[in-house]
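Structure, as structure tokens:
Order of the sequence lines fixes the chain letters, A, B, ..., with proteins taken first and strands second; residue numbering starts at 1 for each chain. The basis for the numbers below is simple: all heavy atoms, side chains too, and nothing from hydrogens, waters or symmetry mates.
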Amino acid sequence: MTNLTDLTLAEARDGLAAKRFSAVELTKAHQQAMGSARSLNAFVADTPDQALAMAVAADERIARGEARPLEGLPIGVKDLFCTEGVQSTACSNILKGFTPRYESTVSANLWNAGAVMLGKLNCDEFAMGSSNETSAFGPVVSPWRRAGEEAGKRTQLVPGGSSGGSAAAVSARLCLAATATDTGGSIRQPAAFTGTVGIKPTYGRCSRWGIVAFASSLDQAGPITKTVRDSAMMLQAMAGPDAKDTTCADLPVPDFEAAIGRGVKGLKIGIPKEYRVPGMPAEIERLWEAGQAWLREAGAEIVEVSLPHTKYALPAYYIVAPAEASSNLARYDGVRYGLRVEGKDILDMYERTRAAGFGREVKRRVMIGTYVLSAGYYDAYYLRAQKIRTLIKRDFEKVYADGVDAILTPTTPSAAFGIGEKGSGDPVEMYLNDIFTVTVNMAGLPGISVPGGFDAKGLPLGLQLIGRPFDEETLFAAGQVIEDAAGRVALPEPWWG
Amino acid sequence: MSVDQETVRRIARLARIAVSDDDVPHLQGELNAILAFVEQLGEVDVTDVEPMTSVTPMAMKMREDGITDGDRPTDIVANAPASDDGFFLVPKVVE
């Protein structure tokens with residue numbers, strides 16, 4: 001029998017149905033892989049007893065012929081999702097030890113579909129970061145390494161962020177799939193860095209209830225998986241209406257897996273000229289051209305389009321997201337949950353608690369958000385940014401009104417970088433990672449990242465497809481065409497244990 | 001626009017984050033780097049543009065005005081750093 005951790009989610013589902021192995025065997029194989037991959041720091045909490053109990057129950061259901069869509073499939077959960085009875089910290093010291101008495105809607109949906117929880121995955125603190133280096137649990141090490149580096153002199157690479165634990169764990173085969181969240185690129189950028197597939201669905205496709213809030217008008221949940229088909233399976237289970245989230249759309253969830261294999265014949269794919277940024281590395285340019293060629297060969301029409309406000313998306317994001325974060329994070333005051341540092345009065349307690357509990361990046365963003373919302377600056381910064389957001393959305397609406405079905409871009413401006421290499425002096429250097437992904441959040445659109453090739457050092461690169469609102473099906477159809485043409489990524493051989 | 005050290009202290013106060021004197025110059029540099037980056041938004045013509053309030057068109061959902069949850073005080077204070085008899089405890093705020 002092949003190694004059970006090498007299977008895709010779909011292969012594991014089919015293997016369980018054919019009784020080639022049991023859910024308990026599948027779960028134990030992944031737990032063993034987790035045990036030997038501690039040095040990657042991908043998991044921040046393991047739930048071994050819960051996982052085995054869920055696997056045993058899954059085997060019983062399968063035996064009775066009552067298997068649900070994800071029955072017995074072991075997955076990891078980003079620590080931003082509240083999980084009942086299991087520590088949920090958003091990887092912040094201010095929430096260390098927080099053990100929710102409730103389950104997020106998205107994770108509850110997954111358990112109701114039969115999935116097995118292996119544990120909680122590392123991420124940037126409150127999902128604020130692009131490299132997983134801001135986590136209170138320390139950075140995640142990518143399972144990928146640059147080719148040609150001498151043994152003993154190897155650079156430890158970041159897996160991207162904020163969903164770095166999710167991407168590293170899927171890429172290292174510690175879980176079959178993982179949940180993630182995306183506020184400015186936090187699913188798609190780590191997927192691109194680790195040779196995995198990640199989709200941020202349309203804003204409102206997944207309920208945000210029970211997910212620790214960062215920027216509520218931008219946050220969306222989605223999966224990170226080994227293949228496009230696996231992403232369709234995961235999103236199918238995660239998505240759906242929820243009375244507990246007023247921004248969650250009351251729309252039926254289409255059969256995403258059925259869209260796979262639909263192809264791109266007759267589709268019009270837009271290539272936005274504004275994404276050709278100065279100084280774009282030649283290998284990113286080549287990747288993008290290869291993506292266009294693959295889609296054209298599969299019968300799509302490639303057209304140049306214009307999204308004139310693209311360059312303003314990232315600066316506008318760094319007003320809107322911190323503003324919403326400063327408001328959302330006001331709840332961490334040392335009273336209802338999490339850390340408390342005593343002070344001489346209640347104000348002093350708030351200030352000491354938040355100074356001790358928040359990391360540097362979170363403090364920075366809360367302070368920027370506080371500033372742009374403060375009296376005298378609101379119009380100049382926040383109101384202007386929200387107007388520019390309207391213009392960004394309008395750019396996309398015009399392109400889609402002209403008959404374009406999806407837009408193709410690179411996911412990131414470069415491959416993964418080394419731990420400690422970026423953003424130590426100037427925070428903006430790190431923010432530039434999200435230059436191609438952030439527009440999608442600003443416009444509330446769905447976006448998928450699919451592996452498309454490698455850089456000169458053998459590191460994976462991703463192609464991004466951006467869809468019309470609530471048309472994730474076209475992204476799965478076109479994403480599969482890219483996956484078929486580029487070839488499935490050979491995930492790195494374990495060197496970590 | 002850039003912020004001076006006094007403004008950094010004022011923002012920290014508004015954000016309820018204690019900052020030491022050593023933190024201020026560092027924070028000032030970082031905040032000014034971000035503010036310099038967002039400065040370019042000033043060149044966009046936003047005349048007659050409505051600010052975005054909702055990224056997807058959606059109507060506020062209506063539901064029956066009924067009780068859907070409650071009666072679980074122990075769950076609510078379970079994670080509190082300090083609680084007593086179902087109440088959150090805070091330092092004295094009224095003399």
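Side-chain contact between B:I34 and A:P427 is present, with at least one heavy-atom pair separated by less than 4.5 Å. When side chains are defined from C-beta on, B:L35 counts as touching A:Y381, because their heavy atoms get closer than 4.5 Å. You'll find the side chain of A:D345 stays beyond 4.5 Å of the side chain of B:P91, heavy atoms only.
Contacts between A:A356 and chain B at a heavy-atom distance below 4.5 Å are absent for every atom of the residue. For A:L373, no part lies under 4.5 angstrom from a heavy atom of chain B. Of the atoms belonging to B:R72, it is side-chain heavy atoms, and not backbone ones, that fall under 4.5 Å from chain A. In this structure, no portion of B:D48 lies under 4.5 Å from any heavy atom of chain A. Both the backbone and the side chain of B:F37 come within contact range of chain A, judged by heavy atoms closer than 4.5 Å. For chain A, the nearby part of B:T7 is the side chain; its heavy atoms alone come within less than 4.5 Å. Contact of B:V77 with chain A is not made at all, since no heavy-atom distance falls under 4.5 Å. Both the backbone and the side chain of B:V46 have a heavy atom closer than 4.5 Å to some heavy atom of chain A.
A distance of 8.5 Å separates CE in B:M52 from OG in A:S217, rounded to the nearest 0.5 Å. The structure places OG1 of A:T246 at 11.0 Å from CZ of B:R63, a figure rounded to the nearest 0.5 Å. Put simply, OG on B:S54 and OH on A:Y203 are 7.5 Å apart, with the number rounded to the nearest 0.5 Å. To the nearest 0.5 angstrom, A:I368 atom CD1 is 4.5 Å from B:L31 atom CG.
In terms of heavy-atom proximity, B:L41 sits nearest to A:R384 at O-NH1, 3.0 Å. In terms of heavy atoms, B:I11 sits closest to A:M367 at CG2-O, 3.2 Å.
In this structure a side-chain-to-backbone donor-acceptor pair under 3.5 Å is present from A:T390 to B:E50. In this structure a side-chain-to-backbone donor-acceptor pair under 3.5 Å is present from B:K61 to A:D245. A side-chain donor-acceptor contact under 3.5 Å links A:K393 to the backbone of B:V55.
Considering only residues two or more places apart in sequence or on other chains, A:R101 meets the side chain to side chain donor-acceptor pair (under 3.5 Å) condition with B:D75.
For the pair B:R16 and A:D333, the salt-bridge criterion is not met [side-chain N within less than 4.0 Å of a carboxylate O].
The interface of residues 23-30 of chain B with chain A, defined by heavy-atom distances below 4.5 Å, comprises B:H26, B:L27, B:E30.
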